[in-house]
Amino acid sequence: MNAGTVYEKVVRPLLFSIDPERAHHLAIGLLRRASHVNLALRLLQRFQLAAKPKTVFGVTFPNPIGLAAGFDKNGVALPALAALGFGFIEIGTVTAKSQPGNPKPRIFRYSKEQALINRLGFNNDGADIVANRLRRWRESGRWPTVPVGINIGKSKATPLDQAPADYLHSFRRLRKFADYIVLNVSSPNTPGLRSLQERDALASLLRAVWEENRDAKPLLLKISPDLSVAELAEIVATCEEHQIAGIIATNTTLDHSSIPSDTDQPGGLSGAPLREKSTALVRFIAASSAIPVIGCGGIFDAESAREKIEAGAALIQIYTGFIYRGPGLLREIVAGLE
Ligand SMILES: Cc1cc2nc3c(=O)[nH]c(=O)nc-3n(C[C@H](O)[C@H](O)[C@H](O)COP(=O)(O)O)c2cc1C
C-alpha cells in the first residue's frame, strides 16, 4: 500500500470515527511531537516530492502546493508539515490577543458532500506566544526550508474601528518570521470581519500596515468567495493602489445550498462545494489584474488543482482535501503538474 492508500484506508477511518475537532487535535498533536524527533521527520520525508520550483512575489517555492491557514493555527508543527512535502505552509489565523474561539462543537463533517463547516472563531494562542514559539523553532535549527506564510486577523474583543491597530500588533510581532504575511478579512466567524473588505475600511487597514512594512515583506489579502463582481473589482483596485503582493482566493463560504437543511450548521463551508465559486474568483482576478493569486477552495485531486492553475492561480492551497485525502493528495497534485 502506498502512503495515500494507507491514509484513506487506515488513518482516515480512525480519525473520522471521532469528533472532528478531537481528530484535528490528535493529528496536529502527532505532527507536533514528530516535529521534535529527527527519526520521525525522516520517516515523514518519505513522502518527499519532485521539485517543481516557482518564484512568486519574490519568494521561491519548491512546489506550488501549500497548506492553507487554519490547520496549524499556532505554528506547532512546522517541521513535520514541511517534511510531508508541502511547498509552503501558512500558519494562523493569529490574532493580537489569545482567544478561545466559539463554544464547541464547532467543526462538522459532511462526508457525502466532501465538505466541512467550521465556526471556530479564530481560536489561537495570540501573536506574542506564537512569535516566541517561532523564535524557538528558528533557534532549534528545525525551521523548515519551505516558505512560511503567517495569516493574521482581528481579535474578537477589539472593536472594528480599532482593527488596524490590532493587525499591526500581530504584524510587528510576527513579520520577521514570515516569508509573506496574509491579512485575513474574510473569515465568516468573527462578527463584522468581512466588512473590512469594504473600500474605505480596507484602504485604511492596508495603509496602516504598509506604513509599518519597512522591510517590504510581501503582504497578501485573503478574501471571501461571497463577494459580488462589483465588490471584487473594488477590492482588486484597492489592492493595486496599496502594493498588495498577492490575493488568496478564497476563504470559506456562507452559501450552504449544497448541504441538506436538516444537517446544516452555522459557519463557513469548505471543500468540494466551494470549488467552482473559488475558481471563478481566481479567474476574475487573474483576468483583471497582474497581482498573483493563490487559489484555494475545493481542491481534492490533480484535476481540481489544474483547474485553479488554468484559471490563473500562481500557487494553490489545500485544507479540506488534505483532511479527506491525506498526504497522498499532495503527491497526486505534484505528479499531475506540467
Ligand atoms: C477547520 C477549518 C479552520 C480554518 N481556519 C482558518 C483560519 O484560521 N484562517 C483562514 O484564513 N482560513 C481558515 N480556514 C479556511 C481555509 O484556509 C481555506 O481557505 C478554506 O477551507 C477553503 O479551502 P478548502 O476547500 O481546501 O478547505 C479554515 C478552514 C477549516 C476547514
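Counting starts at 1 for both ligands and their atoms, in listed order.
Remark: among candidates Ala69, Pro20, Gly70, the nearest residue to atom 14 (N) of ligand 1 is Ala69, based on non-hydrogen atoms. Nearest to atom 26 (O) of ligand 1 by heavy atom, out of Phe300, Tyr319, Tyr324, Phe322, is Tyr319. The heavy atom nearest to atom 23 (O) of ligand 1, considering only Cys296, Gly321, Ser270, Ala68, is found in Cys296.
In terms of modelled atom types and a separation under 3.5 Å, the side chain of Ser278 and the main chain of Gly297 share a donor-acceptor contact. Under the 3.5 Å distance criterion, the side-chain polar atoms of Asn251 are left unmatched by any main-chain donor or acceptor of Ile223. Distance alone, capped at 3.5 Å, is enough to place a donor-acceptor pair between the Tyr324 side chain and the Ala115 backbone.
Nearest protein heavy-atom neighbour of atom 8 (O) of ligand 1: Lys73 NZ, 2.8 Å. The nearest protein atom to atom 12 (N) of ligand 1, hydrogens excluded, is given as Lys222 NZ, 3.1 Å; this is a heavy-atom distance. Of the protein's non-hydrogen atoms, the one nearest atom 22 (C) of ligand 1 is Leu274 CD2, 3.6 Å. Given atom 15 (C) of ligand 1, the protein heavy atom at minimum distance is Asn251 OD1, 3.5 Å. Among protein heavy atoms, atom 27 (O) of ligand 1 sits closest to Thr320 OG1, 2.5 Å. Nearest protein neighbour of atom 30 (C) of ligand 1, counting heavy atoms only, is Asn118 ND2, 3.4 Å. Protein heavy atom closest to atom 20 (C) of ligand 1, with residue, atom name and distance, is Thr252 CG2, 3.9 Å.
The distance criterion of under 3.5 Å between nitrogen or oxygen atoms is met by Thr93 with respect to ligand 1. For a threshold of 3.5 Å applied to N or O pairs, the pair formed by Gln317 and ligand 1 contains no separation below that value. Taking any N or O of Gly298, backbone or side chain, at least one lies under 3.5 Å from an N or O belonging to ligand 1.
Partner of Thr238 under the side chain to side chain contact (heavy atoms under 4.5 Å, CB included) criterion, out of Asp200, Leu205, Leu206: Leu206 alone. Of the candidates Arg275, Gln317, Arg283, Arg275 is the only one forming a side chain to side chain contact (heavy atoms under 4.5 Å, CB included) with Lys308.
In this structure Ala27 satisfies the side chain to side chain contact (heavy atoms under 4.5 Å, CB included) test with no other residue, sequence neighbours excluded.
Less than 4.0 angstrom separates some heavy atom of Leu120 from each of these atoms of ligand 1: 1 (C), 3 (C). Ligand 1 places these atoms under 4.0 Å from at least one heavy atom of Asn184: 9 (N), 10 (C), 11 (O). The atoms of ligand 1 that sit less than 4.0 Å from any heavy atom of Leu116 are 31 (C).
At least one test fails for Arg135 against the ring of Phe177: distance under 6.0 Å to the centre or angle within 45° of the axis. Under the 6.0 Å distance and 45° angle rule, Arg142 does not count as a cation-pi partner of Trp137.
Taking each heavy atom of Pro20 and Ile107 in turn, the nearest pair found is CG-O, 3.4 Å.
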Stepwise side chain to side chain contact (heavy atoms under 4.5 Å, CB included) check, Lys222 with Val185: CA-CA 6 Å; Lys222 183 162 177 179; Val185 287; over 6 Å; no
N/O donor to acceptor pairs below 3.5 angstrom from side-chain atoms of residues 58-69, sequence neighbours left out:
residue, atom, partner, partner atom, Å
Thr60, OG1, Thr55, OG1, 2.8
Asn63, OD1, Ile65, N, 2.9
Asn63, OD1, Gly87, N, 3.3
Asn63, ND2, Gly85, O, 2.9

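Heavy atoms of Ile248 come nearer than 4.0 angstrom to ligand 1 in no pair at all.
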